[in-house]
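Structure first, commentary second.
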Amino acid sequence: MSELAIELHQVTKRFGPKVAVNAVTLSIPQGQVYGLIGPNGAGKTTSFSMMCGYLYPSEGSLKVMGVEPTAPGALKGKLGALPQDAILPPGWEVGALLTYWARLSALPEPEREAREALEKVGLAEAWATQTQALSHGMAKRTAMAQALMGQPPLVLLDEPTAGLDPRIASQVRQIIRDMRGKQTVVVSSHNLQELEELCDGAAILDRGSLAKAGTMSELTGQSAEFRVQIARGDIIPPELTQLAGVTAAKMEAPGVLLVRFDGQAHKPEEVISRTVGHLLQTGVLILGVSRGQKLEERVLQIL
Amino acid sequence: MDGLKEIAVIWSAETRRAVRSGRVLVLLGLYSMFSALVLLIVGAIANAIREQVTARLAETGNGDEAAAALSVEMKKSLLGALTSNDTALMEALSQVPIVVLVVFKVTLFFLPAYVALMGFDQISGEVGPRSIRYITVRARRSSLLMGKFLVQASLLVGLVLVIDLGVFIYARITNPDFTFAALGLNLLKFWMAAIVFSLAYIALTAFCSSMFRSPAVSLVFNFVLLFTFWLMDVVGQGYKDSVLGFIRFLSPSYYSGDLLHPQISQFGVSGAAYAGFAMLFLGGAYAVLRARDL
């Protein structure tokens, strides 16, 4: 089996004259929690829908768990998906609906799977509730539960915490954390803080094109730069560039020193310790040190 | 094999849901009210004619024997009109009360519309709100289509049986010479004929439902196709001697006349035509559903 969970090669999707996704090439390794980032209309949900086999690409090819997602029955048992805007069918009790879907996924104990998935999302009490009587948050969690049933090797979650209250959102984030290493999880979200915390890697989409993709450390520059908050003291940047591994140093803002370093040849902890040591020796007082940039800042820079 | 299991799971779950829903009761109510209306109208007309004829015969001094003979003649001529004077068919249906035949004929006209009302949202009702997305990561689109088709077919088989049983019981009560043996045999024949006829229209409804995201649009499109088929049949019958007459063969309505025919060849052609239409419409529905974005 391929080591990649998802491979997109020059994938384009058009809706009439509108190009929703434009020649995107992207690989997502197995076992990672991976984020799809971008503003509204960036092509996240369209890419997500193509990965799930809901939409056909207009051009290019994509493979999900080694198969074409639109091939009949190809993703059965391999994929759990939480589509963003799919409504739960009315006229079902939640438990009966999940048991039906578990049976359709050919899970060995459908009812047990359904009960466990509902418990996982904190909705065990909704077993006999009609789907049309669910609140938005409960419907979202029910949809999340169906994606988790049977522990599929790949789980795609489109905006899993959108519209949830903070306590439930935190519970959902914990579920995603628990899947790390055991399953591949792709999360599409606007919440960059959430993605930064959860994801091993991410792809940033903008107006249908791939703007940047990489590990979270690469995207946030964690292995290439750090910032030192200065309380008091004089900084002489040229002195810092003489230190081993440091490639550039400058005052980014009053009281904020930005240091760039060669993360390939030098370990971050060594360069940071060396720099901080030098600053302390020269009488500089330090308030804090932070590696890289916030993902949000990085994304705003890129887009 | 996996596909068959998927179809069985979809059929069993969706049928249970449909049976528990109020919709089936509404549909049963609609069907029975329509059948009851036809029964009452046909029964009232038949009674009125019988009473007038008996009164005239009494005036002219003729007795009960003459009334009975006239009644048989009237039934024959009505039967001839309903069967296009096909003697074999007339012979086969001679035991069946005329009211049952009239209801059956009218039902064949009403059933396609009823089938459309019953299943217009079977696919479009899942595509529009995108709930179909929960299914297609678990099952093939072909399994979904076949499962939904079988749900509609199962419901219709049940509903038609209930209504046919009611009509035959009414006919037995109002015609004491209609024996239980004849009732059982003819009930089976009429029920099977209605099922063969309906399957093609259930497939047509599945096709229309697969074409659009909006259930309302698929319902309207379904009615447009029904009217087109009725028109093709009527125009084709009217221009039998010209090339235009051949269009009647392209309409499912054309083949309904021989569904009760006792000769296997006649019934076979009719049955095969409906099976062919069912396959064609289901094939079209699959082609559309397979190719479309969900």
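Throughout, protein chains are lettered first and strands after them, A, B, ... in sequence-line order, and every chain is numbered starting at 1.
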Nearest heavy-atom neighbours spanning [X] and [Y]:
| X | Y | result |
| --- | --- | --- |
| Y56(A) | A291(B) | CE1-O, 3.6 Å |
| W92(A) | A13(B) | CH2-O, 3.6 Å |
| L294(B) | L55(A) | O-CD2, 3.9 Å |

Do you know which of [options] has the most heavy-atom pairs under 4.5 Å to chain B?
| options | value |
| --- | --- |
| D85(A), T70(A), L75(A) | D85(A) |
| G73(A), A147(A), S105(A), G91(A) | S105(A) |
| A71(A), P83(A), A81(A) | P83(A) |

Given heavy-atom pairs under 4.5 angstrom as the criterion, report whether the side chain, backbone, both or neither of [X] touches chain A.
| X | value |
| --- | --- |
| R17(B) | side chain |
| T136(B) | side chain |
| I132(B) | neither |

Original post:
Is R138(B) reaching over with its side chain to a backbone N or O of W101(A), donor-acceptor style, under 3.5 angstrom?
Top reply: yes
For [X], is the [atom1] atom crowded, meaning more than 12 foreign heavy atoms sit under 6.0 Å from it?
| X | atom1 | value |
| --- | --- | --- |
| R207(A) | CZ | no |
| E125(A) | CD | yes |
| E68(A) | CD | no |
| H190(A) | NE2 | yes |
| K189(B) | NZ | yes |

Subject >> Rounded distance (nearest 0.5 Å) linking atom OH of Y134(B) with atom CG of L104(A) >> reply: 14.5 Å
Original post:
Can you tell me how far CZ of R103(A) sits from NZ of K5(B), rounded to the nearest 0.5 angstrom?
Top reply: 13.0 Å
Subject >> Within residues 37-53 of chain A, residues adjacent to chain B where the heavy-atom gap is under 4.5 Å >> reply: S49(A), C52(A), G53(A)
**OP:** Please determine, among R20(B), R16(B), R140(B), R23(B), the option with the most heavy-atom pairs under 4.5 Å with chain A.
**Re:** R140(B)
